[in-house]
Amino acid sequence: MERRTLIKSIAIMGLGATLPLRTLLARSAAAANKRPYHRFQLGDLEMTVVTDGHIVMSPVQDHFAQDVPAAAVTKLLQDSFRSVKSVDLGMNMLLVRKEKEVILIDTGAGFGFGPDSGWLPLSLKDAGISTDEVTKIVITHAHPDHIGGLFSKDGQLVFPQAQVYMSATEHRFWMSDKPDFSKSKFSNKALLAKILVSTKQTLTALKDRLHFFDDKETLFGCVRLQAAPGHTPGHTLVRVFSGNEEIVHIADLIHSDVLLFPHPEWGFDGDTDFTLAATTRRTVLESLAKDRTMVFSYHLPWPGIGHVTKKDDGFAWIAETYAFPD
Ligand SMILES: [Zn+2]
């Protein structure tokens with residue numbers, strides 16, 4: 001519904017007095033399945049960010065900073081004007097258009113995480129992009145919120161024209177007889193066992209279109225891969241470049257702006273190797289801050305674009321802001 005028509009309808013229905021316009025507009029957008037997208041240019045590349053939805057993690061210390069006194073975590077959340085009960089993870093999806101190639105980085109959660117996620121196909125449609133147009137998919141790592149969108153519930157490929165690229169190390173890890181999670185703080189072993197089965201199934205079903213990359217490899221003349229192990233053994237950052245311009249997709253290097261930038265070592269339970277993930281987090285943040293690189297993050301608040309800066313003994317996230325919605 002056009003904004004003007006909506007305002008007129010509100011007046012006719014006499015609803016304007018009871019509900020704020022903002023709420024009504026939001027409801028109207030949701031009803032029409034309109035989801036936001038953010039488009040920008042990086043050199044010759046057309047970049048589009050769409051949303052796959054979000055995942056609410058609660059209670060906070062089941063997932064973050066498990067070994068830190070509760071009072072310190074609560075204080076930091078309160079000082080940042082955030083909920084002390086949960087951390088809301090965005091699911092930002094980055095798409096790169098380079099001439100005839102449409103490159104999607106990760107595929108979202110698919111149908112496995114309930115109605116608050118798995119929105120990628122709808123979001124692409126709202127951004128004017130068909131799932132048939134996607135020619136390449138780069139997988140940052142094989143967790144279910146990143147590969148879950150490859151297949152529909154009835155087992156069909158969601159992106160039927162796409163070839164899929166992932167780290168050889170990552171593939172070897174998940175397909176091995178007994179992937180090692182002994183250095184993780186993830187406590188739900190039953191869920192972990194399920195994830196293992198479904199990941200093996202997905203990667204097996206995908207094998208005819210799967211290609212493997214190694215650290216520092218360049219793909220499609222616009223994507224440079226950088227190993228960032230810890231979250232998973234083959235967890236990879238995707239550096240998208242055109243001419244002198246670059247944005248670094250940091251995948252799952254970090255899951256909370258207010259907790260983990262100041263304290264990279266507080267850690268996250270989803271990391272396969274908790275200590276290595278913390279070391280990698282600090283090392284990569286250090287270099288992103290030093291190089292003043294533009295960053296894209298999968299899980300930070302929408303649209304996940306910003307810069308990293310040094311602050312005290314840690315870092316801070318300076319989210320990019322936009323003067324108007326596009
Ligand atoms: Zn993730």
Side-chain angles (χ1 to χ4, degrees), residues 35 37-39 42 44-53 91-113 117-172 174-175 198-214 217-226 232 234-242 247 249 251-252 296 298 304:
R35 300 168 205 280
Y37 64 90
H38 173 67
R39 191 158 278 151
L42 186 86
D44 295 334
L45 307 174
E46 181 196 79
M47 314 288 285
T48 307
V49 184
V50 297
T51 176
D52 190 56
M91 305 265 278
N92 308 312
M93 315 292 309
L94 187 63
L95 224 102
V96 183
R97 194 185 284 273
K98 181 180 189 268
E99 294 147 17
K100 285 184 182 154
E101 301 287 4
V102 177
I103 305 154
L104 174 65
I105 304 173
D106 288 337
T107 64
F111 59 89
F113 282 65
S117 60
W119 302 350
L120 177 61
L122 279 174
S123 292
L124 287 174
K125 195 167 164 225
D126 290 339
I129 301 163
S130 147
T131 48
D132 289 344
E133 282 179 77
V134 176
T135 56
K136 311 282 191 225
I137 295 171
V138 180
I139 300 293
T140 63
H141 64 295
H143 274 165
D145 56 322
H146 297 255
I147 64 167
L150 282 163
F151 289 97
S152 64
K153 205 168 188 172
D154 58 0
Q156 301 299 309
L157 284 165
V158 174
F159 306 97
Q161 309 301 329
Q163 296 296 315
V164 184
Y165 297 75
M166 73 181 293
S167 146
T169 306
E170 184 74 357
H171 187 262
R172 212 177 303 123
W174 289 99
M175 296 307 281
S198 78
T199 304
K200 276 197 163 93
Q201 275 172 354
T202 300
L203 297 180
T204 304
L206 205 65
K207 68 176 189 312
D208 291 343
R209 51 185 68 219
L210 210 45
H211 308 263
F212 302 115
F213 57 71
D214 291 314
E217 216 169 287
T218 298
L219 296 175
F220 329 127
C222 64
V223 161
R224 195 172 298 118
L225 302 152
Q226 179 183 343
T232 61
H235 179 249
T236 299
L237 314 185
V238 181
R239 307 186 80 104
V240 184
F241 63 90
S242 175
I247 188 165
H249 186 312
D252 279 26
F296 175 84
Y298 195 83

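The chain is numbered in sequence order, starting from 1.
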Would you please test V138 and F213 for side-chain contact (heavy atoms from CB on, under 4.5 Å) and show each step? CA-CA 10 Å; V138 180; F213 57 71; 4.1 Å; yes
For the side chain of T135 and the backbone of V102, is there at least one donor-acceptor N/O pair under 3.5 Å apart? yes
If only side-chain N and O atoms count, and only distance matters, is there a donor-acceptor pair under 3.5 Å linking T140 with D106? yes
Distance from L95 atom CG to L45 atom CG, nearest 0.5 Å? 11.5 Å
Quick one: list whatever passes salt bridge (Lys or Arg N to Asp or Glu O under 4.0 Å) with K136, sequence neighbours left out. E101
Donor-acceptor contact below 3.5 Å, side chain Q226 vs main chain T236: no
Identified side chain to side chain contact (heavy atoms under 4.5 Å, CB included) counterpart of V134 within the set T131, D132, I137: I137
Check against side-chain contact (heavy atoms from CB on, under 4.5 Å), W174 and I147: CA-CA 13 Å; W174 289 99; I147 64 167; over 6 Å; no
Residues which pass ring-ring contact (aromatic ring centres under 6.0 Å, His included) with Y165, listed by chain and number, not counting sequence neighbours: H211, F220
Partners of F212 by ring-ring contact (aromatic ring centres under 6.0 Å, His included), sequence neighbours excluded? H171
Between H249 and A251, is there a donor-acceptor pair closer than 3.5 Å when you use the side chain of the first and the backbone of the second? yes
Distance in Å, H141 NE2 paired with M166 CE, rounded so as to fall on 0.5 Å steps: 10.0 Å
Using side-chain heavy atoms (C-beta onward) and a distance below 4.5 Å, is Y298 in contact with N92? no
Closest heavy-atom pair, L157 versus F151, reported as atoms and distance to 0.1 Å, is CD2-CE2, 3.5 Å
Starting at CD of Q161, measure out to OG of S130 and round the result to the nearest 0.5 Å. 9.0 Å
Surrounding NZ of K125 (heavy atoms of other residues, nucleotides or ligands, distance under 6.0 Å), is the total greater than 12? no
Considering non-hydrogen atoms only, spot the tightest contact between P160 and R209 and give its length. O-NH1, 2.9 Å
If you look at every heavy atom in K98 and C222, which pair is closest and at what distance? CD-SG, 3.6 Å
Any sub-3.5 Å donor-acceptor pair from R35's side-chain atoms to A127's backbone N or O? no
Taking the side chain as every heavy atom from C-beta outward, state whether P121 and V158 have any pair of such atoms under 4.5 Å apart. yes
Using a 3.5 Å distance criterion without hydrogens, assess whether the side chain of T107 forms a donor-acceptor pair with backbone atoms of G149. yes
Measuring from atom CD1 of I129 to atom CG of L104, what distance do you get when rounded to the nearest 0.5 angstrom? 9.0 Å
Using modelled atom types only, decide if a donor and an acceptor are shared between the side chain of R97 and the backbone of I103 within a distance under 3.5 Å. no
Tell me, with the steps shown, if Y37 and L124 meet side-chain contact (heavy atoms from CB on, under 4.5 Å). CA-CA 8 Å; Y37 64 90; L124 287 174; over 6 Å; no
For the residue pair H146 and D252, confirm or rule out a side-chain donor-acceptor distance under 3.5 Å. yes
Any side-chain donor near an acceptor of the partner, R39 and T48, under 3.5 Å: yes
Go through the steps for V96 and L42 under the test side-chain contact (heavy atoms from CB on, under 4.5 Å), then give the verdict. CA-CA 9 Å; V96 183; L42 186 86; over 6 Å; no
How many angstroms lie between CD in E46 and OG in S242, if you round to the nearest 0.5 Å? 12.5 Å
Under a 3.5 Å distance rule, please check whether D52 uses its side chain to pair with a backbone N or O of G118 as donor and acceptor. yes
Expected output: side-chain S167 to main-chain E170 donor-acceptor under 3.5 Å: yes
Gap separating the OG1 atom of T51 from the NE2 atom of H38, nearest 0.5 angstrom: 13.5 Å
